[in-house]
Amino acid sequence: LVPKYRGVAPIPGALLNGEKEAGVPMMEMEESLDTGDMILPGAIPIQPMDTAATLAGKLSQLGGELLVKTLDLMRAGQANPIKQDDAQASLAPPLKKEDGLIDWNKSAFTISCKIRGLDPWPTAYTYLGGKRLRLFMPEAVGEQNDAAPGTLIRADKKGLLIAAGSGCLLVREVQKEGSKRMPVQAFLQGTPLEIGQIFSA
């Protein structure tokens with residue numbers, strides 16, 4: 001959605017910021033990054049369970065379709081590039097592994113966006129008992145409680161329900177250190193948890 005998210009991580013950027021849609025425009029090349037005149041814009045809605053990986057696949061499909069249309073416009077002499085509004089520009093800088101650390105004081109929605117935006121890389125993580133635990137397939141739920149942020153409220157086959165700064169986060173898949181990604185139900189068979197345990201930064 002240029003001029004938003006210019007840079008190397010536009011798809012994670014859109015997810016991390018809770019955008020409702022993401023784009024893949026056809027544009028002219030310039031020396032500066034993602035600043036060229038736009039020939040044909042394209043956007044799709046971001047679904048609640050989209051991750052950087054699933055969204056990249058959808059945008060790749062859209063990009064191919066737009067490329068064909070753009071070439072047709074150019075052949076017909078009907079391509080009319082439009083300058084971007086630099087005043088509306090924002091950046092999507094490279095991601096770092098440490099970007100994945102979860103702050104449970106944030107809202108459940110913000111944390112959910114982070115987990116989905118950093119899947120498959122660098123992934124979002126927290127600590128439980130001093131060991132890193134990566135989280136996947138989140139859903140922000142409006143369940144209210146008085147527990148401190150990061151407190152485990154429920155752990156069953158539906159997932160881990162964890163208190164956030166506002167609302168709760170339901171996590172359906174996890175990956176502990178030295179293991180593979182798995183559904184929470186399988187994780188709990190080998191790692192039983194107690195209600196009230198604290199996930200920390």
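Each residue takes its place number in the sequence, starting with 1. This one's a predicted model, so the numbers in the text were calculated from it and none came from an experiment.
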Which heavy-atom pair separates [X] from [Y] by the least distance, and what is that distance?
X: R116; Y: Q47; value: NH1-O, 3.7 Å
X: P81; Y: I39; value: CG-CG1, 4.1 Å
X: I46; Y: A14; value: CD1-CB, 4.3 Å

**OP:** Verify whether one side chain among Q185 and Q189 offers a donor that lies under 3.5 Å from an acceptor in the other.
**Re:** no
**OP:** Decide whether R134 and T123 meet the rule of one side-chain donor and one side-chain acceptor closer than 3.5 Å.
**Re:** yes
Less than 4.5 Å apart, any side-chain heavy atom of [X] and any of [Y]?
X: K83; Y: M38; value: no
X: L169; Y: I115; value: yes
X: L160; Y: V174; value: yes

Original post:
So which residues get pulled into V141's cluster when ILVMFWY side chains under 4.5 Å apart are joined, directly or through others?
Top reply: I153, L161, L170
Subject >> Carboxylate-amine/guanidinium proximity below 4.0 Å for D103 and K114 >> reply: no
Original post:
Between R181 and E173, does at least one N-O distance fall below 4.0 Å, as a salt bridge requires?
Top reply: yes
Original post:
Rounded to the nearest 0.5 Å, how far apart are CG of D85 and NZ of K4?
Top reply: 12.0 Å
Original post:
Roughly how far, to the nearest 0.5 Å, is CD of Q84 from CZ of R6?
Top reply: 4.5 Å
Original post:
Is the Lys NZ or Arg CZ of R132 less than 6.0 Å from the centre of Y125's six-membered ring, within 45° of the axis?
Top reply: yes
Original post:
Between F136 and R172, is there a cation-pi geometry (under 6.0 Å to ring centre, at most 45° from the normal)?
Top reply: no
Subject >> ILVMFWY network linking L62 to M26, side-chain heavy atoms under 4.5 angstrom >> reply: yes
Quiz: residues 92-101 side-chain donor-acceptor pairs under 3.5 angstrom, not counting sequence neighbours:
residue: D99; atom: OD2; partner: K96; partner atom: N; Å: 2.7

**OP:** List in chain and number order the residues that pass side-chain hydrogen bond (donor to acceptor under 3.5 Å, both in side chains) with S107, two or more places apart in sequence or in another chain; answer none if no residue qualifies.
**Re:** T110
